[in-house]
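Quantities reported herein were computed from a predicted structural model and do not represent experimental measurements.
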Amino acid sequence: MKDKKEIRREVISIRENIDIDIKNKNDKLICERLFCDEDFINSKEIFIYLSYNNEVNTYGIIKTSFELCKKVAVPKTVFKDRAMDFINLNNFNEIDKIPINKIGIKEPLEGEVLYPKETTLVIVPGVAFTLKGERIGYGGGFYDKYLIKYNIKNKIALCYEFQILEEIPVNEEDILVSKIITEDRSISL
């Protein structure tokens, strides 16, 4: 089996080379599936990353969440502690003012920290997934630590079909997602 670094490199390379029209079409299909999902419909708060590097585009999800009067929070990492908080966004236009951090991701410098509740849905980023809910992230462990700390129940990953692999190396710190949504299907785990 390939190691995590090799899988990351290969999948990110494929993702970076997606035809933009196919990407946009697939992003739309993924968002439509998410908006019909019970966990999304019933959520009052959406904790969601700001997409970058050809990830499934999350900006439309954030906009729709505001239109549905849901609270929206985006991650802020503390690199030295390998920790993460979710910072409240007051409106969609705030995204334009969020600076880019040292690794190229938009991340708020400060703001009101929101804490997850039963009604919180966390949209989890990742590079590769399996049909068991296993995931390979970007290697920092921020989401795994956060998900275990708060015992998050509703964890949805958004990805393209090519990001679902038969198997990936995992360890006991790797937290499973509860659902994966792709352009072709919604997989409850």
May I ask whether [X] and [Y] are part of the same hydrophobic cluster, defined by side-chain heavy atoms of I, L, V, M, F, W, Y residues being less than 4.5 angstrom apart, directly or through others?
{"X": "Tyr52", "Y": "Val56", "result": "yes"}
{"X": "Val72", "Y": "Ile41", "result": "no"}
{"X": "Ile100", "Y": "Ile62", "result": "no"}
{"X": "Ile18", "Y": "Leu29", "result": "no"}
{"X": "Phe129", "Y": "Ile14", "result": "yes"}

Margin query: For a side-chain contact (heavy atoms from CB on, under 4.5 Å) check, start with the C-alpha distance between Leu147 and Val124, then their side-chain angles and the critical distance, and finish with the verdict.
Written below: CA-CA 9 Å; Leu147 296 170; Val124 182; 4.2 Å; yes
Note to self: Show, in sequence, the C-alpha distance, side-chain angles and deciding distance for Thr130 and Glu166, and conclude whether the side-chain contact (heavy atoms from CB on, under 4.5 Å) test is met.
What the structure shows: CA-CA 6 Å; Thr130 69; Glu166 248 182 69; over 6 Å; no
Next item on the list: Tell me, with the steps shown, if Ile152 and Thr120 meet side-chain contact (heavy atoms from CB on, under 4.5 Å).
Entry: CA-CA 8 Å; Ile152 306 293; Thr120 302; 5.7 Å; no
Closest contact, heavy atoms only, [X] versus [Y]:
{"X": "Ile30", "Y": "Cys159", "value": "CD1-O, 3.4 Å"}
{"X": "Lys106", "Y": "Asp96", "value": "NZ-O, 3.8 Å"}
{"X": "Asp19", "Y": "Asp21", "value": "OD1-N, 2.9 Å"}
{"X": "Pro99", "Y": "Leu109", "value": "CG-CG, 3.6 Å"}
{"X": "Gly126", "Y": "Arg135", "value": "CA-NE, 4.4 Å"}

Item checked: Heavy atoms from other residues, nucleotides or ligands near CD of Glu16 exceed 12 (cutoff 6.0 Å) -> yes
Note to self: Within a 6.0 Å radius of atom CD on Glu67, are there more than 12 heavy atoms belonging to other residues, nucleotides or ligands?
What the structure shows: yes
Side chains of [X] and [Y]: do they bring a donor and an acceptor to under 3.5 Å?
{"X": "Asn24", "Y": "Asn26", "answer": "no"}
{"X": "Thr119", "Y": "Glu45", "answer": "yes"}
{"X": "Thr77", "Y": "Glu107", "answer": "yes"}
{"X": "Ser51", "Y": "Glu55", "answer": "no"}
{"X": "Tyr160", "Y": "Asp184", "answer": "no"}

[X] [atom1] to [Y] [atom2] distance, which is reported to the nearest 0.5 Å:
{"X": "Asn93", "Y": "Lys63", "atom1": "CG", "atom2": "NZ", "value": "8.5 Å"}
{"X": "Asp144", "Y": "Lys149", "atom1": "CG", "atom2": "NZ", "value": "14.5 Å"}
{"X": "Asp39", "Y": "Asn154", "atom1": "CG", "atom2": "CG", "value": "4.0 Å"}
{"X": "Lys23", "Y": "Lys28", "atom1": "NZ", "atom2": "NZ", "value": "14.5 Å"}
{"X": "Ser43", "Y": "Ile46", "atom1": "OG", "atom2": "CD1", "value": "3.0 Å"}
{"X": "Ile7", "Y": "Ile12", "atom1": "CD1", "atom2": "CD1", "value": "11.5 Å"}

Check: When the ring planes of Phe92 and Tyr59 are compared, do they come out parallel, tilted or perpendicular, using 30° and 60° as the limits?
Finding: perpendicular
Margin query: Can you classify the ring geometry of Tyr146 versus Tyr150 as parallel (below 30°), tilted (30 to 60°) or perpendicular (above 60°)?
Written below: tilted
Next item on the list: Take Arg185 and Glu161 through the test salt bridge (charged side-chain N to carboxylate O under 4.0 Å, His left out) and record every step on the way to the result.
Entry: CA-CA 9 Å; Arg185 56 191 167 157; Glu161 275 293 326; 2.8 Å; yes
Is there a side-chain contact between [X] and [Y], using heavy atoms and a 4.5 Å cut-off?
{"X": "Lys4", "Y": "Asp174", "answer": "yes"}
{"X": "Arg15", "Y": "Gln163", "answer": "yes"}
{"X": "Thr58", "Y": "Cys31", "answer": "no"}
{"X": "Ile181", "Y": "Ser186", "answer": "yes"}
{"X": "Glu10", "Y": "Lys2", "answer": "yes"}
{"X": "Val74", "Y": "Pro108", "answer": "yes"}
{"X": "Leu176", "Y": "Glu134", "answer": "yes"}
{"X": "Tyr143", "Y": "Ile175", "answer": "no"}

Determine yes or no for a side-chain-to-main-chain donor-acceptor pair under 3.5 angstrom, with [X] supplying the side chain and [Y] the backbone.
{"X": "Arg33", "Y": "Thr182", "result": "yes"}
{"X": "Ser13", "Y": "Arg9", "result": "no"}
{"X": "Lys155", "Y": "Lys179", "result": "no"}

Item checked: Residues Ile187, Ile164; criterion side-chain contact (heavy atoms from CB on, under 4.5 Å); working and verdict -> CA-CA 11 Å; Ile187 306 152; Ile164 298 178; 3.8 Å; yes
Item checked: Reference residue Phe86; test ring pair (Phe, Tyr, Trp, His ring centres under 6.0 Å); the match among Tyr49, Phe47, Phe142 -> Phe47
